[in-house]
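Taking it in order: structure first as structure tokens, then the write-up.
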Amino acid sequence: MTQNLPINPLLLKKYNQPVPRYTSYPTVPFWQNDIDIQKWEIKFTEQFTLQNAVNGISIYVHLPFCESLCTYCGCNKKITQNHSVEEEYLQAIEKEWKLYRKRMGQTPVIREIHLGGGTPTFFSPLHLRHLINVLIKNSIVHPYHEFSIEGHPNNTTKQHLDTLVSLGFRRISYGVQDLDPQVQHIINRVQPFENVKQATENARTAGFTSVNFDLIYGLPLQTIQSIENTINQVILLKPDRIAFYSYAHVPWASRGQRLFNESDLPAAGEKIQLYLKGKELLSASGYYDIGMDHFALPHNELYIAK
Ligand code: SF4
């Protein structure tokens, strides 16, 4: 029988807060709109020149479309089944890239590209190829470049993977979140273990050398038993890295989160036990707790860097 670990209730109360995601820095609430464009342009050119000379630049491209809404989602996304938006969106990115190029004043050395979303694999392989070609045209691709993408296990095809590998991508992150059928149903993200397994194997066969899984604890209907089952299934697929992060319930900001009943969410005391159970199982299977919700196998750069 699973025993709960003792937790200091005061600490739990203090830190059980829906805080902004750290995936952008500064975090979104600290962004400012009243910027002086000219000052920004000067700053951009300065920073670009500095970074370009030292280590090359990193580019993040946000591809915001998804075919269906996962109800827990707090990302900046647009739900549509209309794939004609792909072309128009890429044209807008190309236009924006040209604006940056004008301000750069020298040939960019591209060290990293990350495609995030939304669902980047909403875009066809042909369109993703076009996007990367736009970015690398008349640029220098750094010899140690790292290109990575976020993939949805349900729509990442072999064609996507082969195309991306041929463009230099070697890292993929799949949004797994949870493998329990009831949890998947309530969050409106039904992707059985077999789909995740297939997508993982396909990525490795295509030539991806690093596979990450995103997992969430604190979702509606999750229990210690369901987390245990999810983590045990994940361990079978041996992703190199795992981001096991806390669900932030902010229904005033993410309307989709109003679609499930708050009484189905684990309470603070239960939620921390879900995390501790996951951490215990991952640690026992050779994953190291890197910090900031991340776990990695010892051969992975995150662990080596730590
Ligand atoms: S979780 Fe990902 S796939 Fe689901 S709606 Fe949000 S951005 Fe789209």
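Indexing begins at 1, ligand by ligand and atom by atom, following the structure's order.
- A donor and an acceptor atom, one from each side chain of Ser166 and Arg129, are located under 3.5 Å apart.
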Take Arg204 and Glu201 through the salt bridge (charged side-chain N to carboxylate O under 4.0 Å, His left out) test and state the conclusion after the steps. CA-CA 5 Å; Arg204 289 183 174 137; Glu201 287 170 359; over 6 Å; no
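- Exactly one residue among Glu150, Arg171, His62, Glu146 makes a side-chain hydrogen bond (donor to acceptor under 3.5 Å, both in side chains) with His114. That residue is Glu150.
- Checking Asn155 against Thr121 by side-chain atom types alone, a donor-acceptor pair falls below 3.5 Å.
- Contact shell of ligand 1 (protein heavy atoms, cutoff 4.0 Å): Cys66, Ser68, Cys70, Tyr72, Cys73, Cys75, Gly118, Thr119, Arg189.
- Here Tyr72 and Tyr247 keep their ring centres 6.0 angstrom or further from each other.
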Begin from the C-alpha positions of Tyr287 and Phe295 and carry the test ring-ring contact (aromatic ring centres under 6.0 Å, His included) through to its verdict. CA-CA 6 Å; Tyr287 285 89; Phe295 292 81; 7.5 Å; no
